[in-house]
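The sequence lines fix the lettering, A, B, ..., with proteins before strands; numbering per chain opens at 1.
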Amino acid sequence: MATAARNTDCLHARSSDALLICEHCDTVYRRRPLARGEVARCVRCGAELDRHRALSVNALLALILTAMIVFLQANIWPIFTLGLSGQFSATTLWGMIVTMWEQGAQVVAVLAAATLFFFPMTKMLVMGWLLWFARMGRRAPGFAPLMVALHRIGPWTMSEVFVLGALVAIVKAHTYFEVVADPGIYAYGALTLLITIFAGVDMRQLWEQTPEPKP
Amino acid sequence: MSTLPRAVDLGLIGCRMCGLVCRNVAGNMQLDGDGVDDAMACPRCGSTLRRRKTNSYARTWALLIAGFILYIPANVLPIMRTASLNDVDDNTIISGVVELWTNGSADLAIIVFLASIVVPMLKFLSLGMLLVTSQRGSDWARLQRARLYRLVEFIGYWSMLDVFVVALLTALVRFNVLSRVEPLPGVIFFGLTVVLTMLASMSFDPRLIWDGRNTDD
């Protein structure tokens with residue numbers, strides 16, 4: 001990394017004239033402040049470059065804490081119950097993962113555990129950690145590696161797909177069984193709503209919003 | 001269009017992890033697409049700086065072809081078995097869609113059909129087309145191709161839908177001899193197909209669409 005520092009030269013020092021490169025086509029732009037609701041799009045390829053940050057660090061932290069509580073509920077409460085001639089059967093997310101493992105579909109169990117539990121949980125904990133310190137105007141311990149990790153796990157959280165999957169499963173089961181919706185499915189519904197809000201948030205704003213540590 | 005400056009022409013590199021714009025001092029100015037500048041790390045986040053994703057064409061082709069190979073057993077083999085007192089029924093992805101349709105849930109049948117059949121096929125065809133046209137340096141419909149790539153990237157993970165449906169039904173339909181659901185190998189192949197196609201679309205570098213003939217790949 002010492003050689004790296006010699007080879008590259010940071011152009012970012014003064015954020016007022018910071019540059020912006022379109023990740024989809026490599027076009028270079030000068031960053032400018034955006035008004036409320038404004039989205040900057042690349043003239044060449046139409047990709048989104050930047051958008052107005054409507055949510056403050058405090059608001060994001062509040063949302064993350066909400067999401068954590070809802071996520072906990074979504075994981076410990078059963079999702080829905082099936083009934084067949086007096087017998088009932090319910091499952092939680094982890095019940096589902098364990099059953100898939102026992103039934104010989106370990107690949108599916110691992111995929112579900114990762115995309116529905118470990119990645120979403122890591123994402124929320126890391127975001128909460130980073131935002132908590134950002135709120136106090138500084139960078140959290142481990143800021144850079146955690147920001148990179150957050151960016152990497154971004155596409156691998158699938159809670160919203162699971163919600164749609166639960167709906168499909170309910171409809172399929174409804175033909176043969178009694179179906180009772182349990183609290184878990186509502187928690188998942190609320191979680192999907194929160195995820196939708198977060199979809200428009202680029203956490204990379206924290207690079208600009210927190211001061212660089214003095215070397 | 002030619003008046004829009006590109007980072008590669010200005011000797012700039014944007015960090016793909018944190019977005020920092022860096023000046024590329026050393027190294028040659030030719031497009032490489034194979035991570036020639038491995039020695040350079042982003043001064044802000046420490047990630048390796050690359051003008052283009054490493055070996056984008058080779059990696060995307062490999063992942064896409066692997067995904068397509070697994071997609072065949074995913075469709076041919078049954079994904080789950082429903083067993084009741086007097087009946088054992090193996091379901092494939094298509095038969096699951098048909099069942100939803102005939103049971104009167106046409107809307108959900110369409111959603112599952114889109115997620116399990118249309119989205120994976122769209123990914124194979126689109127990424128294949130993007131790879132071929134970009135490797136040829138084609139300037140045909142660049143804007144539309146760029147949009148297509150973003151669509152593929154955005155919808156890709158919804159294909160996991162059917163995998164979660166099978167997992168949920170397996171966990172819930174456990175009424176001993178009366179009624180049971182078991183996962184069958186098709187669902188494993190399908191899950192792996194989704195992961196591989198997601199990795200394929202991540203390995204493709206959409207900037208290659210705009211690079212034109214001066215690439216050496």
Practice problem: Quick one: which of A109(A), A47(A), A90(A) has the most heavy-atom pairs under 4.5 Å with chain B, could you say? | Solution: A47(A)
Quiz item: Who among M160(B), R147(B), E153(B) has the most heavy-atom pairs with chain A under 4.5 Å?
Solution: M160(B)
Quiz item: Is it the backbone or the side chain of Y149(B) that comes under 4.5 Å from a heavy atom of chain A, or both, or neither?
Solution: side chain
Quiz prompt | Heavy-atom pair of closest approach, residues L12(B) and I21(A) | solution = CB-CD1, 4.2 Å
Quiz item: Tell me, do L20(B) and W207(A) make a side-chain contact under 4.5 Å, heavy atoms counted?
Solution: no
Quiz item: Ion pair present between E208(A) and R44(B), side-chain N to carboxylate O less than 4.0 angstrom?
Solution: yes
Quiz item: Got a sec: does the CH2 of W101(B) have more than 12 other heavy atoms crowding it under 6.0 Å?
Solution: no
Quiz item: Residue by residue, which of residues 114-125 of chain A have a heavy atom closer than 4.5 Å to a heavy atom belonging to chain B?
Solution: T115(A), L116(A)
Quiz item: Considering only heavy atoms, which portion of V107(A) lies under 4.5 Å from any heavy atom of chain B: side chain, backbone, both, or neither?
Solution: side chain
Quiz item: Between L178(B) and S85(A), what is the shortest heavy-atom contact and its length?
Solution: CD1-OG, 3.5 Å
Practice problem: Could you tell me whether the side chain of M147(A) reaches within less than 4.5 Å of the side chain of C45(B), counting heavy atoms only? | Solution: no
Self-check item: Which portion of E160(A) sits near chain B, non-hydrogen atoms under 4.5 angstrom
Solution: both
Quiz prompt | Atom group of A171(B) that falls short of 4.5 Å from chain A, counting heavy atoms | solution = both
Quiz item: Atom OG in S89(A), atom CZ in F175(B): separation rounded to 0.5 Å?
Solution: 4.5 Å
Exercise. Heavy atoms only, distances under 4.5 angstrom: which of R150(B), E182(B), R16(B) has the most pairs with chain A? Name it, please.
Key: R150(B)
Exercise. Let me know if V195(B) has heavy atoms under 4.5 Å from chain A in its side chain, its backbone, both or neither.
Key: both
Quiz prompt | Proximal component of P155(A), with respect to chain B [non-hydrogen, under 4.5 Å] | solution = both
Quiz item: Quick one: do R52(B) and D26(A) make a salt bridge, cutoff under 4.0 Å?
Solution: yes
Practice problem: Could you look at L100(B) and say if it's the side chain, the backbone, both or neither that has a heavy atom under 4.5 Å from chain A? | Solution: side chain
Quiz item: Got a sec: does the CZ of F88(A) have more than 12 other heavy atoms crowding it under 6.0 Å?
Solution: yes
Practice problem: Using non-hydrogen atoms and a 4.5 Å limit, figure out which bit of L150(A) sits close to chain B: side chain, backbone, both or neither. | Solution: neither
Quiz item: If you count heavy-atom pairs under 4.5 Å with chain A, which of L172(B), V166(B), I188(B) comes out on top?
Solution: L172(B)
Quiz item: CG of L161(B) to CE of M158(A): how many Å apart, nearest 0.5 Å?
Solution: 11.5 Å
Quiz item: Looking at side-chain heavy atoms only, is the closest gap between S179(B) and Y176(A) below 4.5 Å?
Solution: no
Quiz item: Where does H151(A) contact chain B at under 4.5 Å (heavy atoms): side chain, backbone, both or neither?
Solution: side chain
Quiz item: Do N103(B) and H174(A) come close enough that some side-chain heavy atom pair is under 4.5 Å?
Solution: no
Self-check item: Nearest-0.5 Å distance that lies between atom CD in E23(A) and atom CG in D205(B)
Solution: 10.0 Å
Quiz item: Any side-chain heavy-atom pair from V168(A) and F164(B) closer than 4.5 angstrom?
Solution: no
Quiz item: Say you draw a straight line from CG of L169(B) to CZ of F177(A); how long is it, rounded to the nearest 0.5 Å?
Solution: 8.5 Å
Practice problem: Please round to the nearest 0.5 Å and tell me the distance separating atom CG of L208(B) and atom SG of C25(A). | Solution: 12.0 Å
Quiz prompt | Point-to-point distance, once rounded to the nearest 0.5 Å, from CZ of R44(A) to CZ of R6(B) | solution = 5.5 Å
Practice problem: Measure T92(A) against the heavy atoms of chain B and call it side chain, backbone, both or neither at under 4.5 Å. | Solution: neither
Exercise. Starting from the C-alpha separation in whole Å, work towards a yes-or-no answer on side chain to side chain contact (heavy atoms under 4.5 Å, CB included) for L20(A) and V21(B).
Key: CA-CA 7 Å; L20(A) 196 64; V21(B) 176; 5.7 Å; no
Quiz item: Can you say whether S105(B) sits under 4.5 Å from chain A via the side chain, the backbone, both, or neither, judging by heavy atoms?
Solution: side chain
Quiz item: With only heavy atoms counted, which part of Q144(B) is less than 4.5 Å from chain A, the side chain, the backbone, both or neither?
Solution: neither
Quiz item: Side chain, backbone, both or neither: which part of A166(A) has a heavy atom under 4.5 Å from chain B?
Solution: both
Practice problem: With a 4.5 angstrom heavy-atom cut-off, could you sort out which part of T27(A) is near chain B: side chain, backbone, both or neither? | Solution: both
Exercise. State, with a plain yes or no, whether a side-chain heavy atom of L164(A) is found less than 4.5 Å away from one of I111(B).
Key: yes
Quiz prompt | Contacting moiety of V187(B), where chain A heavy atoms sit under 4.5 Å | solution = both
Quiz item: Going by heavy atoms in the side chains, are M96(A) and T170(B) under 4.5 Å from each other?
Solution: no
Quiz item: Got more than 12 heavy atoms from elsewhere within 6.0 Å of CH2, W101(A)?
Solution: no
Exercise. Evaluate the side-chain proximity of M17(B) to R152(A): yes if any heavy-atom separation is below 4.5 Å, no if none is.
Key: yes
